[in-house]
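On a predicted model such as this, the values are computed, not experimentally measured, just so you know. Atoms considered below: every heavy atom in the structure, side chains included; atoms not considered: hydrogens, waters and symmetry mates. Each chain gets a letter, A, B and so on, in the order the sequences are listed, and its residues count up from 1.
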Amino acid sequence: EPEVTQTPSHQVTQMGQEVILRCVPISNHLYFYWYRQILGQKVEFLVSFYNNEISEKSEIFDDQFSVERPDGSNFTLKIRSTKLEDSAMYFCARRKGSTFQETQYFGPGTRLLVL
Amino acid sequence: QKEVEQNSGPLSVPEGAIASLNCTYSDRGSQSFFWYRQYSGKSPELIMFIYSNGDKEDGRFTAQLNKASQYVSLLIRDSQPSDSATYLCAVNLNTDKLIFGTGTRLQVFP
């Protein structure tokens with residue numbers, strides 16, 4: 001049973017264009033994350049989001065990136081002006097419990113290709 | 001520098017054997033430890049988590065944690081070809097993020 005769904009599954013865009021990746025929780029979750037995985041590399045944390053606010057972000061998550069939960073349901077990651085090096089799999093994850101130690105469950109991912 | 005280290009492999013084992021996957025981490029403040037399985041082109045799928053020193057068993061899988069040695073391992077008993085995947089070790093330092101290793105590719109051959 002998927003914990004979250006993500007749309008689109010694949011996206012191809014031109015360098016400099018804006019992209020919005022979406023994460024749709026199955027139930028009423030509060031803790032969300034975005035990770036990315038460049039082909040052949042490790043999974044990297046981007047940002048965590050709780051109660052409609054960023055709780056933590058990595059050095060990767062610069063001004064080009066933003067997250068929001070505009071309608072209280074979908075959780076989005078926006079990349080304002082894509083670069084070639086943004087090509088990666090982007091995973092949304094969610095955490096059930098209220099403590100950091102608890103498990104994060106990953107969505108199926110969006111494969112982003114920047115040309 | 002907070003790091004999680006894994007041998008990239010591939011680790012090749014025959015069907016029915018025990019596969020042993022290892023992970024070391026650099027930060028002694030690490031609180032919780034996770035093993036995810038990732039098939040090619042797919043997302044990480046949780047296999048096991050462990051918080052306390054010692055062993056934790058779940059079916060064919062056993063996670064072992066030694067905080068003094070900063071070492072966590074995953075044993076897969078009776079390995080099956082369907083276990084062939086990349087196994088990711090992830091560590092939480094009591095912050096709101098997971099730090100992943102590069103993963104170990106496991107190949108189980110019939």
> Roughly how far, to the nearest 0.5 Å, is the CD atom of A/Gln37 from the CG atom of B/Leu88?
Replying inline: 7.0 Å
>> With a strict 4.5 Å heavy-atom criterion, list every residue of residues 36-66 of chain B that contacts chain A, or say none.
In response: B/Tyr36, B/Gln38, B/Gly41, B/Lys42, B/Ser43, B/Pro44, B/Leu46, B/Phe49, B/Tyr51
> Atom NZ in A/Lys42, atom OG in B/Ser8: separation rounded to 0.5 Å?
Replying inline: 12.0 Å
>> Same cluster or not: B/Tyr71 versus B/Ile18, using hydrophobic residues (I, L, V, M, F, W, Y) connected whenever any side-chain heavy atoms lie under 4.5 Å apart?
In response: no
>> At a heavy-atom distance under 4.5 Å, which candidate from A/Phe91, A/Tyr105, A/Tyr31 has the highest pair count against chain B?
In response: A/Phe91
> chain B contacts: which residues in residues 43-59 of chain A have a non-hydrogen atom closer than 4.5 Å to it?
Replying inline: A/Val43, A/Phe45, A/Ser48, A/Ser55, A/Glu56
> Heavy-atom count around A/Asp63 CG within 6.0 Å, excluding the residue itself: above 12?
Replying inline: no
> So which part of B/Thr95 gets closer than 4.5 Å to some heavy atom of chain A, the side chain, the backbone, both or neither?
Replying inline: both
>> Using a 6.0 Å cut-off, check whether atom CG of A/Leu84 has over 12 heavy atoms from anything other than its own residue.
In response: yes
> Checking heavy atoms, do the side chain of B/Asn92, its backbone, both or neither come under 4.5 Å from chain A?
Replying inline: side chain
>> The criterion is side chain to side chain donor-acceptor pair (under 3.5 Å); which residues satisfy it with A/Glu18, sequence neighbours excluded?
In response: none
> When clusters are formed by joining ILVMFWY residues with side-chain heavy atoms under 4.5 Å apart, either directly or through shared neighbours, do B/Tyr87 and B/Leu75 land in the same one?
Replying inline: no
Please list, one pair per line, the donor and acceptor atoms closer than 3.5 Å that link side chains of residues 98-110 of chain B to other protein atoms, with sequence neighbours excluded.
{"residue": "B/Thr104", "atom": "OG1", "partner": "B/Asn7", "partner atom": "O", "Å": "2.4"}
{"residue": "B/Gln107", "atom": "OE1", "partner": "B/Ser12", "partner atom": "OG", "Å": "3.1"}

